[in-house]
Every structure is written in structure tokens, then in C-alpha cells.
There are 2 protein chains.
Amino acid sequence: MATIEHPLILLVEDEPAQREVLSYNLTAESYRVNLAQDGEEAIMMVREDSPDLIVLDWMLPNLSGIEVCRRLKSRAETRAIPVIMLSARSEEVDRVRGLETGADDYVIKPYSIVELMARIRANLRRVRPSTVGMVLEFQDIRLDGETYRVTRAGKSLQLGPTELRLLATFMERPGRVFSREQLLDRVWGRDIYVETRTVDVHIGRLRKALCRQGGDDLLRTVRGAGYALG
Amino acid sequence: MATIEHPLILLVEDEPAQREVLSYNLTAESYRVNLAQDGEEAIMMVREDSPDLIVLDWMLPNLSGIEVCRRLKSRAETRAIPVIMLSARSEEVDRVRGLETGADDYVIKPYSIVELMARIRANLRRVRPSTVGMVLEFQDIRLDGETYRVTRAGKSLQLGPTELRLLATFMERPGRVFSREQLLDRVWGRDIYVETRTVDVHIGRLRKALCRQGGDDLLRTVRGAGYALG
DNA sequence: CGCTTTTGCGACAGTCTTGTAACAGTTTTA
DNA sequence: TAAAACTGTTACAAGACTGTCGCAAAAGCG
């Protein structure tokens, strides 16, 4: 299991073989993957899990890829999620139509998986600057996504998996206030049922870990709202 | 600190997009990369830099991949360098022809980056003689890619094949945390079915071997994530 | 100030992860 | 061919980590 928040990708593809290959490669690249088999399921899963990026097949049963894309792009909440269209059609016309519907990128089958991966990386970088394997820094705290090492003022800190993910979440957006619900969502996962007060306890533990070697308390409590870093 | 001689790979590919993606990925895997855009440049760079492995596109301007391969394989000095052919053609005929010209391996586009990397690793491992250096070092551990001898603090260690590959994987990227799945992928191979717990056992065995003659335990367990060296 | 609401945090029991010995089957070596 | 080395799996124990609760402390509020 990965400890630091890896980007979640929604893969919408009806053909099983394709789905498996893509899913395998995405997982191998350390993305979390959600699968949808048709347009309606896709729309539903976007609402539920709000993925970081969507890989969308053009031809779909039920609700075509274009239509799915159009709908996603017409709603403010989902508009920002990058969509990469996959299509067997190679006509320029279609490329244009694909982009017109608001897709952020467009890959023609048969495509190189390497290329697709590159586009995914590029599009993720665009919306979400700090990704897997990156080093997050805030003041004298340093979190290395590759070695999973956390240091404060040069001294190594001992964190449990949950504390680590919690810290990573804060460090991806220093200063931002996260509600307990948002934290549960991001750190624990969308479908796990945990008491909201549990967040408090882990915040406490993280605080203790961060201050053990001295230094200010960098986790700010925002009464009635949640917590923030710095 | 460690002095690591990373294998040099010559990448021969004329299409800029492909080139960039591959180059990026190779670099990310800690290889040194040389680029050539056509057959003639490739031949020249082989003479100059004698790379450890060549990734060669089939379709090239100027001098085709097959021809380049044939020439390299007909000269004694360059014969031993592994060549991996990339091709968009999928016909069995071509595969055979590719190997006939002396290519050591053959990957059909669109390929999985994971697979290509695996083949590169495999081919680099295979060539014992004529592989330049490829000595991995970390602290007082030394892994000689030619003789497959491992020493710690000068004393020779006895490792089984699996332990050796495991150690090599870690030493290629000291500090990086590998999940059990990633280790299975890299050390055991992607299509072998093995329990993930098996990794633990081999880590234990490697640990024991590394510490037998004394010294710290250099294999770090990252709870919930995997293992890392150092 | 009292009173109410929210947060901090020690304690604890249950759960999950990891280390490792044992073992049986296979492969390699002598 | 027999012995030795190596592998993958399992079961179990130790210990790390987690979630919850309860009460104390702090913060808002009139």
C-alpha cells in the first residue's frame, strides 16, 4: 500500500483487454486507479471520488465519451479535472471535435503507452504541481516522497503511515484549512467510516512528532473549521 | 558516499516525442542516456562512447534500424553490446527478421514502459563480459556487476540469486522506498505469481547475509509502504 | 463571569503489519 | 546420484498503529 497520496485516475474503457493493460501500467506507475465501464458509471464515479485525471475512451456503450466529456466540462466542480480522450479514429476532424468538447488531450489508438503515460504526467503536473516522488518542503520540515523520510531542521522524524499522509496532505497546500471531513476523505479514503474526532487524535500525534525535537507548533487549529499548516 | 557507475544507454529514435519520453524514463531509472537521431549518428556514437546497451528504433531516416544493428553485430568490438529493437510493426515476420539481424531483444510498439525497462534491466544483467564497470556501491557494500561478487567492508558475502537481484535493485536507487509489489515486479518478474509476503522472507535473508559479519542493518522497513536501502 | 461548545490528549483494547522459524518442493552442484 | 543450496509458503509471536472514549482544558459568547 502506498503511503503518500498518489494521484487517482479514473479509467473509462469498456473493452476488457485494453482496460487491463492500461490499468496495469497505471498501477505500475504508482497511480491509484478507478475503473468505469460506461459513460453513466463514469459520471457517477467522478461525482463520488473526484479523481485527479480521467482517461476516457471515445467509444462507449450507453453514453459516448464525447458526451461524458461535454457534461463534465459543463459543470464547474468537475471542469478542472483533466480529461484525456482515447480514440481509434485518426481523422483530423475527430481530433478537433474531441478537443472541442473540452478534452484536455487526445491520444489516437493504437497509441504508445509510454506516450499516454507522458501525457498523463504532463496533465497532472499542470493541475497538481506536487506529485508522487516529489519533495515537499515547508519551513524547516522536509518530506521526501521517494525515501519516505521526514525531517525537521535536519533531524529525522518518526511518523506512522497515517501521520505521514496527514502531513503530506497539509504540505501539498500549506496554509490551507482542511475540515475534518476533508481530511478523512483525503487521508483515510472516501469510503471508510471513521469518527471525525479521530482526526483530532491524529493531529495531536502529528503535533507531538513534529515538536518532539523542539520547534514551534506549526499545525494551526481553526476553531469551528479544521486545521491548517503554518 | 557512494560512487555509482550507471549504465550508459544509447537511444536511437528520430521522433522527438518518443525520444523525450524514453529519455525521461531512462534518466528516471538512473541510466545515463546518449541520444542519436539517425542511423549514421548512432554508429558514430557507438564508436565514441561504447554504450552498455542500445535502444534502437526500427524506422530511421538515413540508415534503417536493421542495417545499424547488422553493422554493429558484424564488428567484434561492438558485437557484445545488447541491442533492443523498437518497432511499430507487429507481424511475426518482422520479429524474426529483427532477431535475425542480431538484435538481442525486440519490443513492439505500443509497449509498456514497464516492460521495456524490465527488458533493459534483463539484458544489462545478461552481459557479463564486456559490460563496463557497473559497480554499485553504497556505504561499505559493493556489488560488482561483472563478477556478481558482493562484499561488505571488504569481506565477501554469500548471496543467493534472488537476494543478489534484490540487493541490486535497492542499490540502483539507494534510499528509495520500493513497495512489495514493485519489488516483485523488478526482482521476480512481472508475470510470475508469488505471494507478497515472500518478499519479507527474502528481505530477512538478505538482512541476515548483510549483517552476518557485523555492521548495521541497512535495510529500512517503511511500515505500510515497503523497504529501502539506507 | 458562568455557561456552552469545541478541542486536546491520556489510556486502552483491538487490529494490522512485520520478522522469522520451519518445512516441503526444486534446482544446482559435486 | 546424492548432497547441498535455494525457493515459496505458512503459521505464529512481537510489537506498532489505530480508533474510540472520557474527561480536562480552552475558547467563544452573552
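Proteins get letters first, then strands, A, B, ... in listed order; numbering begins at 1 in each.
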What residues, two or more places apart in sequence or in another chain, satisfy salt bridge (charged side-chain N to carboxylate O under 4.0 Å, His left out) together with [X]?
X: A:Arg47; value: none
X: A:Asp14; value: none
X: A:Arg19; value: none
X: A:Arg173; value: none

Taking OP1 and OP2 of C:dG8, is either one under 4.0 Å from a side-chain nitrogen or oxygen of A:Thr221? yes

If a protein heavy atom is under 4.0 Å from the base, mark B; if only from the sugar-phosphate, S; if neither, -; do that for nucleotides 17-26 of chain D going 5' to 3'. SBBBB----B

Can you build the contact string for nucleotides 24-30 of chain C? Use B for base contact, S for sugar-phosphate-only contact, and - for no protein heavy atom under 4.0 Å. -------

For the helix from C:dC1-D:dG30 to C:dA30-D:dT1, what is the angle between the axes at its two ends, each from 5 pairs, rounded to 10°? 40°

Determine which pairs satisfy side-chain hydrogen bond (donor to acceptor under 3.5 Å, both in side chains) with at least one residue from residues 209-223 of chain A, sequence neighbours left out, and list them in order.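 For residues 209-223 of chain A, and leaving out neighbouring residues, the side-chain hydrogen bond (donor to acceptor under 3.5 Å, both in side chains) pairs sorted by first residue read A:Arg207-A:Asp217, A:Arg207-A:Thr221.
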
Pairs where residues 34-46 of chain A contributes a residue and the test salt bridge (Lys or Arg N to Asp or Glu O under 4.0 Å) is met, not counting sequence neighbours: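 Salt bridge (Lys or Arg N to Asp or Glu O under 4.0 Å) check on residues 34-46 of chain A returns no pairs.
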
Tell me, which pairs form a ring-ring contact (aromatic ring centres under 6.0 Å, His included) where one or both residues lie in residues 197-230 of chain B, sequence neighbours left out? B:Trp188-B:His202

ring-ring contact (aromatic ring centres under 6.0 Å, His included) partners of residues 154-179 of chain A, not counting sequence neighbours, each pair once: A:Phe170-A:Phe178

Holding to side-chain contact (heavy atoms from CB on, under 4.5 Å), I want the full list of residues that pass it with A:Glu195, two or more places apart in sequence or in another chain.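 For A:Glu195, the residues satisfying side-chain contact (heavy atoms from CB on, under 4.5 Å) (neighbours in sequence not counted) are A:Tyr193, A:Thr198.
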
Integer-rounded Å distance: D:dA16 P and A:Leu164 CG: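 My rounded result for the distance is 18 Å.
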
